[in-house]
K.L.:
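This is the structure, below, for whatever I ask next.
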Amino acid sequence: MLSLLTPDNLPGVLTAIAAILSVMSGWALFKVRKEPPPPGTPDALLVALNANTVAQKEIAGQFGANLKLFEETVHVLRGLQVDTSISREHLNAIREKL
Amino acid sequence: MISFFLRRKMELFLAVYTLVYGLWLMRSAHSMDGPGFRLITHIASEQQWGALFFFNGLSHTLALLVNGKRWLFSSLVRWFAALTSASVYAAMAYLFWLVDPDTTAVPNYGLLSLGACACMITVWLDARTYQRINYAVVAHA
């Protein structure tokens with residue numbers, strides 16, 4: 001079988017084999033293009049790291065929104081505290097009158 | 001989403017380089033008309049060399065993109081493509097050396113061949129890694 005290979009036809013044979021492998025690789029790539037990488041592999045680690053980074057950014061954005069909400073809540077609570085002290089003074093004045 | 005095998009940048013560069021080299025030779029621009037290519041064009045025409053480089057580079061690039069999802073098939077294709085690249089670049093370096101030992105093509109193609117040999121080793125390492133992962137997943141399933 002190997003005697004059929006000569007220096008003249010060797011480039012052609014290699015080209016034919018490479019062309020067949022190209023078609024097979026292209027078909028395999030088409031079939032796996034939407035598959036996630038197998039778990040435990042370095043590719044899966046990269047994908048998971050990227051997803052984790054995106055999630056961490058979303059969490060950081062959520063924390064910022066929570067902080068603003070807490071600041072507004074404290075402001076409202078301080079206003080309530082002032083109203084409560086004024087109400088207590090009014091009630092004391094009414095009790096003394098009575 | 002396709003996971004690009006960014007850990008093998010050198011191999012990806014070699015594969016794309018071979019593919020572009022083949023496309024350049026297939027342009028029919030008489031790139032191999034120089035005297036240094038005398039022995040090379042005696043073996044095959046410029047278009048034949050271009051087709052060989054193009055399909056070899058294409059199969060290598062596509063196998064790199066598939067990689068871990070079909071690790072056995074892609075490892076075999078990558079290894080064969082790297083072996084072909086190493087052999088052809090080494091042969092070209094030798095043929096250039098026979099015509100003119102002082103030409104810069106000798107170290108250029110020689111180093112490309114060495115790079116392809118290194119890629120054959122990295123392919124073997126990747127296949128071993130994926131085989132171990134596959135064994136661990138099956139054993140603990």
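A, B, ... follow the sequence lines: proteins, then strands. Residue 1 opens every chain.
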K.L.:
Taking the side chain as everything from C-beta on, heavy atoms only, tell me whether B:F55 gets closer than 4.5 Å to A:I17.
P.N.:
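No, their side chains stay 4.5 Å or more apart.
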K.L.:
Is it the case that one hydrophobic cluster holds both A:L10 and B:L39, taking links as side-chain heavy atoms less than 4.5 Å apart, direct or via other members?
P.N.:
yes
K.L.:
Is B:M120 reachable from B:Y89 through a run of I, L, V, M, F, W or Y residues, each pair having side-chain heavy atoms under 4.5 Å apart?
P.N.:
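No, B:Y89 and B:M120 fall in different hydrophobic clusters.
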K.L.:
By a 4.5 Å heavy-atom criterion (distance strictly below it), what part of B:A44 contacts chain A: side chain, backbone, both, or neither?
P.N.:
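Looking at B:A44, just its side chain touches chain A.
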K.L.:
Let me check something: do B:W49 and B:L98 share a hydrophobic cluster, defined by ILVMFWY side-chain heavy atoms less than 4.5 Å apart, either directly or through other members?
P.N.:
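B:W49 and B:L98: one cluster.
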K.L.:
Are B:L112 and B:I43 connected into the same hydrophobic cluster when the rule is that any two of I, L, V, M, F, W, Y join if their side-chain heavy atoms are below 4.5 Å apart?
P.N.:
yes
K.L.:
Check the hydrophobic clustering (I, L, V, M, F, W, Y; side-chain heavy atoms under 4.5 Å; chains of links allowed) and say if B:M92 and B:V99 are grouped together.
P.N.:
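Result: yes, single cluster for both.
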K.L.:
Answer yes or no: does atom CH2 of B:W79 have more than 12 heavy-atom neighbours from other residues, nucleotides or ligands under 6.0 Å?
P.N.:
no
K.L.:
Provide the closest heavy-atom pair for B:L62 versus A:S22 in the form atom of the first, atom of the second, distance.
P.N.:
CD1-O, 3.5 Å
K.L.:
Calculate, to the nearest 0.5 Å, the distance between atoms OG1 and CG belonging to B:T61 and A:L29 respectively.
P.N.:
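If I round to the nearest 0.5 Å, the distance is 11.0 Å.
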K.L.:
Return the option, out of A:G12, A:P11, A:A18, with the maximum number of heavy-atom pairs under 4.5 Å with chain B.
P.N.:
A:A18
K.L.:
Can you tell me which portion of B:F53 sits under 4.5 Å from chain A's heavy atoms? Options are side chain, backbone, both or neither.
P.N.:
neither
K.L.:
Side-chain contact, heavy-atom cut-off 4.5 Å: B:F73 with A:S25?
P.N.:
yes
K.L.:
Are B:V77 and A:M24 close enough, and set up right, to give a side chain to side chain contact (heavy atoms under 4.5 Å, CB included), and what steps lead you there?
P.N.:
CA-CA 9 Å; B:V77 174; A:M24 292 171 65; over 6 Å; no
K.L.:
Are the side chains of B:R70 and A:V32 in touch, meaning some heavy atoms are under 4.5 Å apart?
P.N.:
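The answer is yes, as the side chains (C-beta and beyond) meet within the 4.5 Å cut-off.
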K.L.:
Got a second to check how far B:Q47's CD is from A:T15's OG1, nearest 0.5 Å?
P.N.:
12.0 Å
